[in-house]
Amino acid sequence: MNATIADLKNRFEDALVTAFGDEVAGIDPLLVPTSNPKFGDYQSNVAMALAKKLGKAPRAIADELVQTLDLSDLCEPLEIAGPGFINITLKTEYLQAQLAVMQRSDRLGVETAESPQRVIVDFSSPNIAKEMHVGHLRSTIIGDAIARVLEFQGQDVLRLNHVGDWGTQFGMLITYLQEVCPAALTTADALDLGDLVTFYKKAKQRFDDDPAFQEAARQQVVTLQSGDQKSDRAWKLLCNQSRREFQTIYDLLDICLTERGESFYNPYLQGVVDDLEQAGLLVEDQGAKCVFLDGFTNREGERLPLIIQKSDGGYNYATTDLAAIRYRIHTDGANRLIYVTDVGQANHFAQVFQVARRAGWILDGVEVVHVPFGLVQGEDGKRLKTRSGETVRLRDLLDEAIARARADLETRLKEEDRHESQAFIEHTSHIVGISAVKYADLSQNRTSNYIFSFDKMLALQGNTAPYMLYAYVRIQGISRKGQIDFGNLGADIKILLHEETEFALARHLLQLDELIGQVSQELMPNRLCQYLFELSQKFNQFYDRCPVLQAEEPTRTSRLVLCDLTARTLKLGLSLLGIQVLERM
RNA sequence: GGGUACUUAGCUCAGUGGAUAGAGCAACCGCCUUCUAAGCGGUCGGUCACAGGUUCGAGUCCUGUAGUACCCGCCA
């Protein structure tokens with residue numbers, strides 16, 4: 001209905017000028033969806049806004065505007081209500097025609113972007129030599145959903161995995177392994193990843209406690225950075241091992257990423273320093289090269305520096321992020337850079353973006369945006385941990401979700417005396433478990449902290465993945481029972497809306513394109529979740545009130561189309577969240 | 001100390017400057033001879049943290065206060 005709104009908006013703008021003169025040219029008619037279905041489909045709030053400017057009562061303005069407007073081809077007669085709201089109800093024939101258009105479209109009436117943007121979505125970004133843990137969950141899931149929505153719009157999306165494959169951590173790890181397990185530095189898979197993680201923790205401990213070790217580790221970083229062959233080989237071995245482990249999780253989650261780690265930008269770091277130097281932004285302070293920031297101060301009120309090159313000559317992550325911005329805009333040609341990381345990095349990104357802007361790297365028309373999300377907390381409201389106090393491995397978390405979904409399914413099969421194949425049970429519990437985790441995360445406003453609960457996300461009722469999967473399954477049930485091929489309902493189908501629940505469902509279906517536009521702008525996947533949940537509710541209400549297969553023609557076919565549109569919308573919407581549907585469950 | 005975000009029903013959370021602030025869960029009451037009841041309907045539940053301000057209109061914008069979380073110089 002994007003086109004409908006655009007059309008209404010134009011007609012309102014014209015009518016405003018006709019009624020009140022050029023004084024109101026270009027005024028936004030403030031068309032929004034109504035807050036309550038009893039007010040119709042859309043409302044204009046412009047009369048209240050113009051009251052002061054025109055020196056007239058809002059209702060009088062509304063009245064004049066309504067006299068001027070002719071929307072009889074689209075709408076029922078306009079109504080003025082309350083202080084001066086103009087309520088717009090679309091004609092039933094119009095809704096029916098729009099549904100027919102949607103039905104015929106393989107994109108459900110959602111247009112592709114007119115001029116596709118080059119968009120880079122930077123998400124997931126685990127660290128080499130560490131296991132992916134629950135902290136990576138949100139970035140991975142949210143980033144993937146955002147990328148999918150933009151891809152569906154036809155944007156040219158590059159999904160980048162900015163893995164932590166460089167820096168001090170490797171100095172620590174290599175130095176430590178030289179001492180305790182040199183074989184790991186020369187032989188592939190001499191250690192399994194679990195051991196590597198243990199070694200990493202021990203190395204970190206040494207680094208924090210032992211100044212001599214710290215120095216050796218720093219020196220090792222310099223050696224690595226200078227291109228030393230032995231170090232380079234060890235580094236590559238470690239990276240490969242981690243990479244394979246990450247991939248099993250991405251496969252499990254059905255998520256696709258292009259790896260371009262921090263090390264990728266090594267050749268460009270010196271260029272960052274040179275550029276900043278040339279721009280006159282670089283200041284040497286206590287041996288480190290810094291850019292002093294606007295609007296960031298320490299406790300004495302002095303401007304804070306962003307360290308670009310450390311006193312030992314090394315670079316840190318700010319430098320890498322700056323090099324990445326420069327590369328992504330100037331070499332990749334990106335128009336939009338999206339960083340999906342936890343909100344704790346908000347400061348860091350604000351600082352880096354500021355420096356990039358001042359250095360002139362962010363070209364006109366390029367949007368650089370941090371998409372932050374809150375912490376994953378346990379049911380106690382604290383950072384999610386295992387019972388023993390460790391961070392939760394992502395692998396374990398996903399396995400548990402699947403196991404719980406499976407236990408749940410098997411209980412139900414027993415209760416209902418159903419018999420299903422092993423393959424069915426495996427597949428269903430996998431989809432239900434993974435979807436539940438994804439949906440629980442995505443359905444929350446990403447900026448707030450989120451309380452992780454298996455019980456809630458796997459619940460069969462409420463705003464959960466299983467509820468929506470079930471709505472889809474119900475529709476497939478109709479198709480099986482009636483031997484209906486939704487893809488072949490007939491060429492010239494009439495959709496007829498009579499019942500309240502049919503109207504409510506139809507109106508909701510027609511909002512899909514507006515919603516996708518919004519999500520792609522605001523990058524808030526929870527809005528898509530909300531839409532799909534409401535769609536499922538409205539479908540279930542329709543399903544409850546309106547028999548489909550037993551209905552007389554032409555109602556029967558019309559209802560079948562509503563079912564088909566609902567199923568396709570659910571399938572598409574869920575796919576944009578990275579969630580697959582099931583035919584039966 | 002500075003910065004940022006948050007505070008909405010018993011719990012978990014939505015909420016785009018517009019009309020009587022909404023869901024889900026929990027509790028209680030109904031509805032399966034029917035396309036899967038994993039569903040639907042209903043009841044109960046609110047000082048939108050507090051105090052000011054802007055506005056025709058504020059949960060939403062601004063200021064202040066309180067509480068909570070996160071970030072703050074060579075880790076990422």
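Chain letters run A, B, ... following the sequence lines, proteins first, then strands; residues in each count from 1.
Within the 4.0 angstrom heavy-atom criterion, base atoms lie near A:Pro547.
Taking atom CG of A:Leu304 as the reference point, atom P of B:G1 lies 17 Å away to the nearest angstrom. Distance, A:Lys456 NZ to B:A14 P: 13 Å, rounded to whole Å. Distance, A:Arg545 CZ to B:C40 P: 14 Å, rounded to whole Å. For the pair A:Asn316 CG and B:G73 C1', the computed distance is 10 Å after rounding to whole Å.
Nucleotides B:A27 and B:A14 have their P atoms positioned 23 Å apart, rounded to a whole Å. Here, B:C13 and B:G53 have their C1' atoms 30 Å apart, quoted to the whole Å.
Taking the ring centroids of A:Phe454 and A:Phe452, they lie under the 6.0 Å cut-off. The ring of A:Tyr467 has its center no closer than 6.0 angstrom to the ring center of A:Tyr439.
Between A:Tyr543 and B:G39, no base-stacking contact is recorded for ring centres under 5.5 Å apart and planes less than 30° from parallel.
Note on A:Gln43: every side-chain N or O is 4.0 Å or more away from OP1 and OP2 of B:G18. Here A:Asn540 reaches the OP1 or OP2 of B:C40: one of its side-chain N or O atoms lies under 4.0 Å away. Between A:Arg559 and B:C35 there is no side-chain polar atom (N or O) within less than 4.0 angstrom of OP1 or OP2. A close approach under 4.0 Å does not occur between any side-chain nitrogen or oxygen of A:Asn463 and OP1 or OP2 of B:C13. An OP1 or OP2 oxygen of B:A14 is reached within less than 4.0 angstrom by a side-chain nitrogen or oxygen of A:Ser448. A:Gln518 has no side-chain polar atom (N or O) that falls below the 4.0 Å cut-off from OP1 or OP2 of B:U16.
When each of B:C71, B:G18, B:C40 is scored by its nearest atom to the side-chain atoms of A:Asn347, the top-ranked nucleotide is B:C71. The side chain of A:Gln444 sits closest to B:A14 out of B:A14, B:A38, B:C40.
When only modelled atom types and interatomic distance are considered, A:Ser448 and A:Gln444 share no side-chain donor-acceptor pair under 3.5 Å.
Here the rule is side chain to side chain contact (heavy atoms under 4.5 Å, CB included) with A:Tyr315, and of A:Ile308, A:Val273, A:Leu322 only A:Val273 fits it.
Between A:Glu410 and A:Arg412 there is no salt bridge, since none of the side-chain N atoms of the basic residue sits less than 4.0 Å from a carboxylate O of the acidic one.
Glycosidic conformation of B:C32: syn, with the torsion inside 90° of 0.
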